[in-house]
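Both counts, for ligands and for their atoms, begin at 1 and track the order of listing. The first residue of the sequence shown is numbered 1, and numbering continues consecutively from there.
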Amino acid sequence: MLIEGGEGALSDIFEKTREEFLLPDGIIYLDGNSLGAMPKKALARLQEAASEEWGKMLIRGWNDANWIDLPDRTGNKIARLIGAEQGTVMVGDTTSINLFKALTAALGLADRKVILSDSGNFPNDLYVAQGVVKLFGADAELRIVAPEEVDAAISDEVGVLMITDVDYRTGRRHNMQALDQKAKALGIVTIWDLCHSAGALPVNLSACNADFAVGCSYKYLNGGPGAPAFIYVRPGLADRIGPALSGWMGHEAPFAFDLDYRPASGVSRMRVGTPPVLALSALDAALDVWNGVDLNLLRARSIELCEIFIEEVERRCPDLQLASPRDAEQRGSQVSFHFAEGYAAMQALIADGVIGDFRAPDIMRFGFAPLYVSKEDAREAARRLASVILQKRYADPIFATRSKVT
Ligand SMILES: *Cc1c(COP(=O)(O)O)cnc(C)c1O
């Protein structure tokens, strides 16, 4: 049995991790799947990195504060959370850019130039793939099937499988291990986007034998707005890649200033340019919140919170239709409901102190970050959502105006 000590044991564990975060009074925060809350350690570190390191060390910080190793150091901390070996994860750039690096590397390795993905993917990933396909010319093709058809579409025509593990709208999960295994048996290079998985549920890249993985650090990993993303390359594979973005920080000897590019060994060759030191410093500290956190217990907590929310919402608001899989095993750490007036209803709910978000066309989305969301948050959020819906508070015209970011 996972949870010793029975009922309440999970709450005891996650009350402690909640204390690691700065959460504004009176707010129930259910959007950690879009931007994680701020760890107290990250704020302290950010202040120190700015005033003590940048301010006082100036250029010496690269060596004296070891800024130069931040991409590997943060990568190694993330590695534990995604079941990767030490030295296989590098942090820097954005998820989109890391996906570009992975896709170009994968097409370079694959004999066949068909990339298979699905229509449940975050559109951004498909945009990046469309750009890459153009670069690779007439042979290259992006093939998009429905999420439930991915398994059947894995064939010997495909060269690269590019899949996002957890659907950003509904939280539906793919069976990563099974898909990866089927693809590998056909010689297909695999790329996983873990944006909604890393820090949300246990991932085991080594067991899946995945070739590449990418993901954000500003969602469940709480690295802060625009925090740099990660890229994983399977051990042994990195040395066969000729990076498309062959920058000096991925050079074997950046400070030799040779005129020719020679890639560094291993995942270090996926580095490109100068790392964002302040952002990486905040992330480095934010990742320490995970020390001692058992990811199986995290998963148990996530399921507990999501189940409470679904039950409480459905009992009160029969008009809301669950958009997420009902089976917890098939779901990430979020719950979504369809509601035609979803945008306005979410604005009304935010005005009432419960922050979730909206995804077109009609999805109200609620993320449950187990490190800092409590059972009482889940219950109270359901009560307030019900009051917005049942009293039709979303009909107030002040909630109809759409902002740039939804
Ligand atoms: C959040 C998210 C991204 C974000 O990419 P950025 O380059 O950081 O903007 C990419 N892919 C998926 C699946 C995401 O959920």
Side-chain angles (χ1 to χ4, degrees), residues 30-37 71 74-75 78 81-82 89-104 106 115-132 142 144 147 150 160-174 176 179 190-201 203 205 210 212-232 244-245 270 272-273 275-276 279-280 282-283 286 323-324 331-336 356-360 363 365-369 404-406:
L30 303 183
D31 214 357
N33 52 326
S34 207
L35 174 66
T74 47
I78 292 173
L81 303 175
I82 55 176
V89 179
M90 181 58 52
V91 178
D93 307 309
T94 63
T95 300
S96 310
I97 293 172
N98 285 332
L99 188 61
F100 178 88
K101 296 177 202 169
L103 269 171
T104 47
I115 302 168
L116 177 65
S117 193
D118 71 75
S119 55
N121 207 339
F122 188 52
N124 170 70
D125 292 19
L126 304 177
Y127 305 158
V128 172
Q130 285 162 15
V132 168
L142 172 63
I144 300 171
V150 170
V160 177
L161 180 68
M162 178 192 81
I163 301 289
T164 294
D165 180 33
V166 174
D167 185 306
Y168 72 107
R169 293 159 310 173
T170 62
R172 172 200 42 74
R173 287 174 77 189
H174 276 295
M176 210 171 141
L179 292 181
T190 57
I191 304 174
W192 289 93
D193 185 328
L194 302 178
C195 276
H196 290 277
S197 311
L201 41 89
V203 175
L205 286 173
F212 295 91
V214 297
C216 316
S217 71
Y218 53 76
K219 292 173 180 163
Y220 294 92
L221 298 180
N222 314 305
F230 64 85
I231 180 164
Y232 160 87
L245 292 173
M270 304 316 270
V272 184
L280 281 166
L283 173 63
S324 301
R331 203 169 60 216
S333 198
Q334 68 172 70
V335 173
S336 304
D357 62 19
F358 170 80
R359 286 293 173 262
I363 287 194
R365 190 170 75 148
F366 302 89
F368 290 86
K404 248 188 185 173
V405 176
T406 65

ask   = For the residue pair K101 and N98, what are the closest heavy atoms and their distance?
value =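 Shortest heavy-atom contact: NZ-OD1, 2.7 Å.
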key: Where L221 and L283 come nearest, the two heavy atoms and their spacing   =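 Heavy atoms of L221 and L283 come nearest at O-CD1, 4.4 Å.
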Report all side-chain donor-acceptor pairs from residues 119-126 shorter than 3.5 Å, counting only partners two or more places apart or in another chain.
{"residue": "N121", "atom": "OD1", "partner": "T164", "partner atom": "OG1", "Å": "2.5"}
{"residue": "N121", "atom": "ND2", "partner": "S117", "partner atom": "OG", "Å": "3.0"}
{"residue": "N124", "atom": "OD1", "partner": "S96", "partner atom": "OG", "Å": "3.3"}
{"residue": "N124", "atom": "ND2", "partner": "S96", "partner atom": "OG", "Å": "3.2"}
{"residue": "D125", "atom": "OD2", "partner": "T164", "partner atom": "OG1", "Å": "3.3"}

Ligand 1: which protein N/O atoms lie under 3.5 Å from its N/O atoms?
{"residue": "ligand 1", "atom": "7 (O)", "partner": "T95", "partner atom": "N", "Å": "3.4"}
{"residue": "ligand 1", "atom": "7 (O)", "partner": "S96", "partner atom": "N", "Å": "2.9"}
{"residue": "ligand 1", "atom": "7 (O)", "partner": "S96", "partner atom": "OG", "Å": "2.5"}
{"residue": "ligand 1", "atom": "8 (O)", "partner": "Y218", "partner atom": "OH", "Å": "2.7"}
{"residue": "ligand 1", "atom": "11 (N)", "partner": "D125", "partner atom": "OD1", "Å": "3.0"}
{"residue": "ligand 1", "atom": "11 (N)", "partner": "D193", "partner atom": "OD2", "Å": "3.0"}
{"residue": "ligand 1", "atom": "15 (O)", "partner": "H196", "partner atom": "NE2", "Å": "3.0"}
{"residue": "ligand 1", "atom": "15 (O)", "partner": "K219", "partner atom": "NZ", "Å": "2.6"}

ask   = Would H174 and D118 count as having a side-chain donor-acceptor pair, cut-off 3.5 Å?
value =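 Yes - a donor-acceptor pair under 3.5 Å links their side chains.
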request  = Any chance you could measure F368, atom CZ, to D31, atom CG, to the nearest 0.5 Å?
outcome  =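 It comes to 11.0 Å.
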request  = Mind checking the OG-OH spacing from S34 to Y168? Nearest 0.5 Å is all I need.
outcome  =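 The OG atom of S34 sits 11.5 Å away from the OH atom of Y168.
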